[in-house]
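See below for the structure under consideration.
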Amino acid sequence: MDAFQGILKFFLNQKTAIGYSFLALLTVGGERLFSLVAFKCPCSTENMVYGLVFLFAPAWVLLILGFSLNNRSWRLFTGCCVNPRKIFSRRHSSRFFCVLSQITLSSLVAPMMWLSVALLNGTFYECAMSGTKSSSLLGLICKGKPKECWEELHKVSCGKTSMTPTDNEELKLSLQAQSQILGWCLICSASFFSLLTTCYARCRSKVSYLQLSFWKTYVQKEKEHLENMFLEYANKLSERNLKCFFENKRPDVFPMPTFAAWEAASELHSFDQSRQHYSTLHKVVEDGLELSPEVDETTMVLVGTAHDV
């Protein structure tokens, strides 16, 4: 039992690495599925567009999904059209761009994985580059090859050129080699940039390593308890309302946060060394709810919206 608990604790502590590994496996599997099932290079003048679409369209979709599935995105933009000062406040004018850059970097992980895997495989790049009409690229690809290469390069992927099988295979291997070189360059660049941004963030940290570790643990536990409390209070409130509806009686008082409290607790957190608040909710609980003009304005808008509905 102790050994099982130790293994379970190890995996729970490594959930970030496991998540990235699972994402990598999904990316590799998705790329192989696209290559074997959906991708059929037309071997025509449309090769360039067709290959680039398969190379970049899934990456774009993964980027959009990364933004959509990130809770910080919705925490940042919810209500910003009603009250723009939520993201461009007087006290933290640059916080919006800082948080947006963090969201963007985390959302770029899956697209970069897709591009890396797709380039290492070389199928999409080979099809795209075989349809190029650029004289400089044609000169680079067809250097030392028969003159038919200039006119029939788009047929290389299908092996239907009038060149010898040896020349055709050499061209395919050359294009695949270029793709793999670009893939490794992308992986190395992304790894170095990730290390650089992590080092910069840690060097600029306002707290020590141990306090940062405690902060991460607290945020995770608060998130878990908050979800449980949402479920518990939603069950209690819905049960009370349904009971009062069917029994045709007035409901008992049910304590709930005010609109202003919801607004204050939904803001993005900014750490202050003078007050060790590890989340926005922590700050609201410790300091109490201080109504500012911005919060009051948002509250009135929300009440008006609720009445309209």
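- In this structure, Ala261 and Pro257 approach most closely via the heavy-atom pair CB-CB, 4.0 Å.
- The structure places NE2 of His225 at 9.5 Å from OH of Tyr218, a figure rounded to the nearest 0.5 Å.
- Across all their heavy atoms, Trp150 and Cys142 have their closest contact at NE1-CB, 3.8 Å.
- Under the salt bridge (charged side-chain N to carboxylate O under 4.0 Å, His left out) criterion, the residue pairs touching residues 227-238 are Glu232-Lys236, with sequence neighbours excluded.
- Side chain of Ser157 to backbone of Cys41: no donor-acceptor contact under 3.5 angstrom is found.
- Phe54 places none of its side-chain heavy atoms less than 4.5 Å from the side chain of Cys127.
- Interatomic distance, Thr166 OG1 to Leu171 CG, rounded to the nearest 0.5 Å: 11.0 Å.
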Give the intermediate values and the outcome of side-chain contact (heavy atoms from CB on, under 4.5 Å) for residues Asn168 and Thr164.
CA-CA 6 Å; Asn168 192 85; Thr164 62; over 6 Å; no

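- A search for salt bridge (Lys or Arg N to Asp or Glu O under 4.0 Å) contacts involving Lys133 returns nothing, not counting sequence neighbours.
- The shortest distance between side-chain heavy atoms of Phe56 and Leu115 falls below 4.5 Å.
- Ile187 and Leu119 are members of different hydrophobic clusters when ILVMFWY side chains are connected at heavy-atom separations under 4.5 Å.
- At least one side-chain heavy atom of Thr280 sits less than 4.5 Å from a side-chain heavy atom of Arg75.
- Residue Asp252 places its CG atom among 12 or fewer non-hydrogen atoms of other residues, nucleotides or ligands, all under 6.0 Å distant.
- Rounded to the nearest 0.5 Å, atoms CG (Leu76) and CG (Asn71) are 12.5 Å apart.
- Ser134 and Ser136 form a side-chain donor-acceptor contact under 3.5 Å, judged by distance and modelled atom types alone.
- Applying the side-chain hydrogen bond (donor to acceptor under 3.5 Å, both in side chains) test to Lys221 and every residue at least two apart in sequence or in another chain returns nothing.
- One finds the CD atom of Gln176 at 6.5 Å from the OG1 atom of Thr123 (value rounded to the nearest 0.5 Å).
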Output, in order, the C-alpha distance, side-chain angles, deciding distance and verdict of ring-ring contact (aromatic ring centres under 6.0 Å, His included) for Phe214 and Tyr278.
CA-CA 9 Å; Phe214 173 80; Tyr278 294 104; 5.2 Å; yes

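- Distance alone, capped at 3.5 Å, places no donor-acceptor pair between the Ser73 side chain and the Leu69 backbone.
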Determine, stepwise, if the pair Ser238 / Asn241 fulfils side-chain contact (heavy atoms from CB on, under 4.5 Å).
CA-CA 5 Å; Ser238 60; Asn241 292 340; 5.8 Å; no

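- Side chain of Asn121 to main chain of Val117: no donor-acceptor pair is present (N/O by atom type, distance under 3.5 Å, no hydrogens or angles).
- Within the 4.5 Å cutoff, the side chain of Leu242 has heavy atoms near those of the Phe246 side chain.
- A donor-acceptor distance shorter than 3.5 angstrom exists from the side chain of Thr78 to the backbone of Trp74, with no hydrogens or angles considered.
- Counting non-hydrogen atoms of neighbouring residues, nucleotides and ligands closer than 6.0 angstrom, the OH atom of Tyr209 reaches no more than 12 such neighbours.
- Shortest non-hydrogen contact noted between Phe77 and Leu100 is CZ-CD1, 4.1 Å.
- The main-chain N or O of Ala190 is never found under 3.5 Å from a side-chain atom of Ser194 such that the two would form a donor-acceptor pair.
- For Pro111 against Leu63, the heavy-atom pair with the smallest separation is CG-N, 3.5 Å.
- With hydrogens and angles left out, the side-chain atoms of Glu126 and Gln178 include no donor and acceptor closer than 3.5 Å.
- Taking CZ of Phe259 as the start and CD of Glu263 as the end, the distance is 9.5 Å to the nearest 0.5 Å.
- Under 3.5 Å, the side chains of Asn70 and Ser106 contain a donor-acceptor pair of N or O atoms.
- Side-chain atoms of Glu224 and Gln220 form a donor-acceptor pair, as typed in the model, at a separation below 3.5 Å.
- For Glu46, the CD atom sits in a loose shell: 12 or fewer heavy atoms of surrounding residues, nucleotides or ligands are nearer than 6.0 Å.
- Counting heavy atoms from C-beta outward, Leu153 and Met129 have side chains that stay 4.5 Å or more apart.
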Before giving the answer on side-chain contact (heavy atoms from CB on, under 4.5 Å), spell out for Tyr50 and Phe124 the whole-Å C-alpha distance, their side-chain angles and the decisive distance to 0.1 Å.
CA-CA 8 Å; Tyr50 188 80; Phe124 304 147; over 6 Å; no

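- Considering OG of Ser174 and CG of Leu140, their distance stands at 7.5 Å, rounded to 0.5 Å.
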Would you please test Met256 and Trp262 for side-chain contact (heavy atoms from CB on, under 4.5 Å) and show each step?
CA-CA 10 Å; Met256 287 286 289; Trp262 284 110; 4.2 Å; yes

